[in-house]
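Here's the structure, in structure tokens; my notes come after.
Ligands are counted one by one from 1 in listed order, and the atoms in each one are counted from 1 as well.
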Amino acid sequence: MISLESIQRRYASDEVETTALADINLEVREGEFLAIMGPSGCGKSTLLNILGTVDRPSAGRYLFGERDLAVMDEASLAKLRGETLGFVFQSFNLIDELTIQENVELGLAYRRGLNGDRRKRVEQAMDRVGISHRARHYPHQLSGGQQQRAAIARAIVGEPSLILADEPTGNLDTENGQQVMDILTSLNGEGATIVMVTHSPSHADMALRRIDMLDGRIVSSVARAI
Ligand SMILES: Nc1ncnc2c1ncn2[C@@H]1O[C@H](COP(=O)(O)OP(=O)(O)O)[C@@H](O)[C@H]1O
Ligand SMILES: [Mg+2]
């Protein structure tokens, strides 16, 4: 599904140059559930942002299926993001001024031609994560766990083939974290490919493969025995 070859990402300022990604080679296969671990600052979020096409590598090749992302313009990337990618963040990133239902609808912003189907899809996505009863509430009226489940509904309402999650359980207590992991696991069981950054070894163990990063490189890749 995805192939990263010799990906680098450097940040240059007047004084210093930071190498966020030094040399990343990674294949993500369709249907995988991949956990990424590693110390703070090792490049996990940078890697996820590049996978999500919201950041571009300084060097290297990114193939999404047959398509080379380097030759795609911003409009084509936005279309790819809107149609095939779903994002989940540690801090939920819901819009405070919108209700939960309106937030979830944002996940269909780039989808045309759904017409009467939109409302149904939003309801199904909210049902899926158990927040339908909070549809007309605002994010601040919900617990952290509910907010993250709403954010997952927004991510999956467009039925993305790839879900990118950056420490999705990082701000949650054990029980709510487990609920989020259960949702991700069942989405993966239904065919979604998932790439998740986590600091939790037990959550990483629920993925099918775990990679460890250090200083902008992948230092190990271990598939779970099943
Ligand atoms: N926008 C940026 N400008 C400059 N340096 C950055 C920027 N984003 C990230 N970095 C640096 O790149 C490195 C990797 O960051 P990041 O991918 O956020 O790590 P992680 O998610 O593993 O904690 C860090 O040294 C960080 O300071
Ligand atoms: Mg990070």
Revision key, fill the gap. re atom 27 (O) of ligand 1, the protein heavy-atom contact at minimum distance is T18 CG2, 4.8 Å
Check your understanding: Do M72 and Y62 share a hydrophobic cluster, counting only Ile, Leu, Val, Met, Phe, Trp and Tyr and linking them when any side-chain heavy atoms are less than 4.5 Å apart?
Key -> yes
Check your understanding: With a 4.0 Å cut-off on heavy atoms, is G38 touching ligand 1?
Key -> no
Review point. Within the structure, does at least one protein heavy atom fall under 4.0 Å of atom 12 (O) of ligand 1?
Key: yes
Review point. So, are R209 and E27 salt-bridged, with charged N and O less than 4.0 Å apart?
Key: no
Check your understanding: By side chain to side chain donor-acceptor pair (under 3.5 Å), which residues pair with T198, not counting sequence neighbours?
Key -> none
Review point. Nearest to atom 19 (O) of ligand 1, what protein heavy atom do you find, and at what distance?
Key: G43 N, 3.3 Å
Check your understanding: For ligand 1, which part of T46 has a heavy atom less than 4.0 Å away: the side chain, the backbone, both, or neither?
Key -> both
Review point. Under 30°, 30 to 60°, or over 60°: which ring-plane class applies to Y138 and H140, parallel, tilted or perpendicular?
Key: parallel
**Study point:** Verify same cluster id: L142, V88 (apolar side-chain graph, 4.5 Å)
**Key:** yes
Point to revise | Nitrogen or oxygen of S45 less than 3.5 angstrom from that of ligand 1 | key: yes
**Study point:** Within one Ile-Leu-Val-Met-Phe-Trp-Tyr cluster: I156 and V195, side-chain cutoff 4.5 Å
**Key:** no
Practice item. Taking only heavy atoms of S40 into account, list the atoms of ligand 1 that are under 4.0 Å away from them. Key: 23 (O)
Check your understanding: Between D73 and S76, is any side-chain donor less than 3.5 angstrom from a side-chain acceptor?
Key -> yes
Check your understanding: Between E32 (side chain) and A207 (backbone), is there a donor-acceptor pair under 3.5 Å?
Key -> no
Check your understanding: Are any of the N/O atoms in A20 less than 3.5 Å from those in ligand 1?
Key -> no
Practice item. Return yes when at least one protein heavy atom is under 4.0 Å from atom 24 (C) of ligand 1, and no when none is. Key: yes
Review point. Considering only protein heavy atoms, which is closest to atom 9 (C) of ligand 1, and at what distance to one decimal place?
Key: Y11 CE1, 3.5 Å
Check your understanding: To which protein heavy atom is atom 20 (P) of ligand 1 closest, and what is the distance rounded to 0.1 Å?
Key -> G41 N, 3.4 Å
Review point. Within the stated cut-off of 2.8 Å, is an N/O/S atom of S45 closer than that to the Mg ion (ligand 2)?
Key: yes
